[in-house]
Amino acid sequence: MNGNIEAYTIHLKKEYGNDIVERLILAKNQTAKWTAFEYEYKIKHYQKELKKLKTEKGIK
């Protein structure tokens, strides 16, 4: 819709319901504050995912 937020909001409400739209609105201005443990977990997780993708594609 080329930036038409009102039309997009209506679509989201029809597709997913008001609750999801409200949660998105509340979440848009919140920032995530992760701990060092969470960063390490995410790094390890995505390293494994990358390795798996490389294996599937035959990349060394």
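Count residues from 1 along the sequence.
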task = List in chain and number order the residues that pass salt bridge (charged side-chain N to carboxylate O under 4.0 Å, His left out) with E49, two or more places apart in sequence or in another chain; answer none if no residue qualifies.
result = K52

inquiry  = Going by the rule side-chain contact (heavy atoms from CB on, under 4.5 Å), which residues pair with L53 if we only count those two or more places apart in sequence or in a different chain?
reply    = E56

Under 3.5 Å, which donor-acceptor pairs do the side chains of residues 10-27 form with other protein atoms, sequence neighbours left out?
none

Residues forming a side-chain contact (heavy atoms from CB on, under 4.5 Å) with E38, sequence neighbours excluded = W34, T35

inquiry  = Test of understanding: with ring-ring contact (aromatic ring centres under 6.0 Å, His included), list the residues that count as partners of F37, not counting sequence neighbours.
reply    = none

Would you tabulate the side-chain donor-acceptor contacts of residues 41-48 under 3.5 Å, counting partners in other chains and residues two or more places apart, or write 'none'?
none

